[in-house]
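Any value given below was found using the heavy atoms of this structure, including those in side chains, with hydrogens, waters and symmetry copies removed.
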Amino acid sequence: MKKKKLLKSTTKMTLLSILFGFIITAIILLIARYNPLQIYGVIVKGVFSKPKYIAYTIIKSTPLILTGVSIAFALKTGLLNIGAEGQFIVGTIVASMAGYFFNLPPVIHPIVVMVVAIIFGGLWGALIGALKAKFGIHEVISSIMLNWIALYAHNAVINIPAFFERTNKAHTIKDSASIVFLEGFKNSESGKEWLLDHPGIRDILKAPVNYGIIIAILVAILIWFILNKTTLGFRLRAVGYNKFAAEYGGINVKRNIVTSMFISGSVSGLAGALMILGVSKGITTLSAMEGYGLDGIGVALIAGNSPIACIFSGLFFGALKYGGSKIQARPIEAPKEIISIMIGTIIFFIAIPRIVKVLKRLTGRKGVTR
């Protein structure tokens, strides 16, 4: 009963925060002399007016779901994984290299690539956990540093002679590694003829529709199961709630910190692999962070750190990102930063109850000392 009440309360607060986010953004738009109803209409049309737009929204949401799950998992175990961005980049690096250098059959090739990305993303995360467990270095500091190391490693790998294709671009993955849905069929002559008679399906397949969203949903369910239905999940959550009590109860706190960060990093690494296998097909030089890991923080917070809720939160986040890009076009020509304002406002209102709780605790303690 308590869990149901807590879930209802959290859901209610999230929906109210989203509503307040839209209201505050509307006020800001009015001050900036934009019509908020017109802009919101463009965002909705930009997501739902064509099957192709819906497909692109789902594609945009897939890595956000996984990085959100990654960060939510870490938060549930008492860790703040700011390094999801770096783990995502590491996933793209190894997925791109494995997709190009490995010669494997079509079905096996993408599976192997994803496993490799999971392992390397997990190891990148485990390094953060090891630094915290062994030397007491806070995960926020080490993860931010490792994000930049991953970024520059990404750009360095592109210049490896065997991997270099042309300026600022590495070789693309082999066709056997692709997870794009019906890729061979839609590019064949017979496929093109069939699609001409089925315009709705043709419009959807104009986007690089892939199996990534299915994998993301399955991973979110798996992480929820690990956290709530396994002994490992119990130990990890126990360390997150109170590491001193967990240690007193015989739980190896240091080992569980490393394990937690490995699992969290592996999910972000998988997100990077799905981006390569299903969308970009290779890596190009990065001048800045891509933002999928950083956006995952917002996804996790909106989801209340629930892996299952990250599916819906990620889709919502992806819809705002993709639909919001349409407001820059004529006749509106509004800045895309409006979407960031909206997301930031939503997260702010979600955080308010927690801030109030912290303030109550602080004031309560002060009252006791007096």
Side-chain angles (χ1 to χ4, degrees), residues 2-3 6-7 10 65-88 90-91 114-115 117-144 146 215-271 293 296-311 313-314 354 357:
K2 286 183 179 180
K3 284 186 177 180
L6 182 62
L7 180 61
T10 304
I65 291 170
L66 286 172
T67 54
V69 169
S70 169
I71 291 163
F73 177 85
L75 287 169
K76 283 285 189 181
T77 60
L79 298 164
L80 182 53
N81 184 15
I82 302 295
E85 183 72 24
Q87 295 141 24
F88 175 90
V90 168
M114 284 187 279
V115 169
I118 286 169
I119 292 170
F120 276 84
L123 291 173
W124 203 257
L127 179 57
I128 298 169
L131 289 171
K132 182 180 177 71
K134 184 71 174 176
F135 304 106
I137 300 172
H138 199 282
E139 67 272 17
V140 171
I141 297 170
S142 58
S143 59
I144 290 172
L146 283 169
I215 296 169
I217 291 170
L218 292 175
V219 168
I221 295 170
L222 176 63
I223 293 297
W224 174 87
F225 182 82
I226 290 172
L227 276 172
N228 296 283
K229 302 295 180 180
T230 65
T231 305
L232 172 63
F234 172 79
R235 291 201 303 267
L236 294 174
R237 284 187 291 113
V239 172
Y241 287 136
N242 191 322
K243 67 178 182 179
F244 301 107
E247 191 171 22
Y248 182 79
I251 296 173
N252 189 323
V253 172
K254 292 182 178 179
R255 184 173 64 190
N256 277 276
I257 288 172
V258 177
T259 302
S260 174
M261 287 304 299
F262 177 86
I263 295 172
S264 180
S266 67
V267 176
S268 290
L270 176 61
I297 298 171
V299 172
L301 290 175
I302 292 172
N305 300 330
S306 165
I308 300 297
C310 280
I311 298 169
S313 176
R354 298 180 185 180
K357 285 181 181 179

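- Closest approach of Leu227 to Pro307, counting heavy atoms only: CD1-CG, 4.0 Å.
- In this structure a side-chain-to-backbone donor-acceptor pair under 3.5 Å is missing from Ser313 to Ile302.
- Of all heavy-atom pairs between Cys310 and Val299, the closest is O-CG1, 3.9 Å.
- Counting heavy atoms from C-beta outward, Val219 and Leu270 have side chains that approach closer than 4.5 Å.
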Item to complete: Apply the test side chain to side chain contact (heavy atoms under 4.5 Å, CB included) to residues Lys254 and Asn252: give CA-CA distance (whole Å), side-chain angles for both, the deciding distance (0.1 Å), then the verdict.
Response: CA-CA 6 Å; Lys254 292 182 178 179; Asn252 189 323; 3.9 Å; yes
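- Rounding to the nearest 0.5 Å places OG of Ser143 at 9.0 Å from NE2 of His138.
- Closest approach of Ala238 to Ile251, counting heavy atoms only: CB-CD1, 3.8 Å.
- No hydrogens or angles considered: nothing links the side chains of Thr67 and Ser268 as a donor-acceptor pair under 3.5 Å.
- Among residue pairs with one or both ends in residues 228-251, none qualify as salt bridge (Lys or Arg N to Asp or Glu O under 4.0 Å); sequence neighbours excluded.
- Across Ser70 and Gly265, no two heavy atoms sit closer than the pair OG-N, 4.4 Å.
- Residues Thr77 and Val239 form no side-chain contact, since every pair of their non-hydrogen atoms from C-beta on lies 4.5 Å or further apart.
- Two residues are said to be in side-chain contact when any heavy atoms from C-beta on lie closer than 4.5 Å; Lys76 and Leu236 fail this criterion.
- Between Asn81 and Ile71, the shortest heavy-atom contact is O-CG1, 3.6 Å.
- Between the side chain of Ser260 and the backbone N or O of Asn256 there is no donor-acceptor pair closer than 3.5 Å.
- With sequence neighbours excluded, no residue forms a ring-ring contact (aromatic ring centres under 6.0 Å, His included) with Phe73.
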Counting only pairs under 3.5 Å, give me each side-chain donor-acceptor contact of residues 117-136, with atom names and distances, residues two or more places apart or in other chains.
{"residue": "Trp124", "atom": "NE1", "partner": "Leu146", "partner atom": "O", "Å": "3.4"}
{"residue": "Lys132", "atom": "NZ", "partner": "Glu139", "partner atom": "OE1", "Å": "3.0"}

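- Using a 4.5 Å heavy-atom threshold, the side chains of Ile263 and Met261 count as separate.
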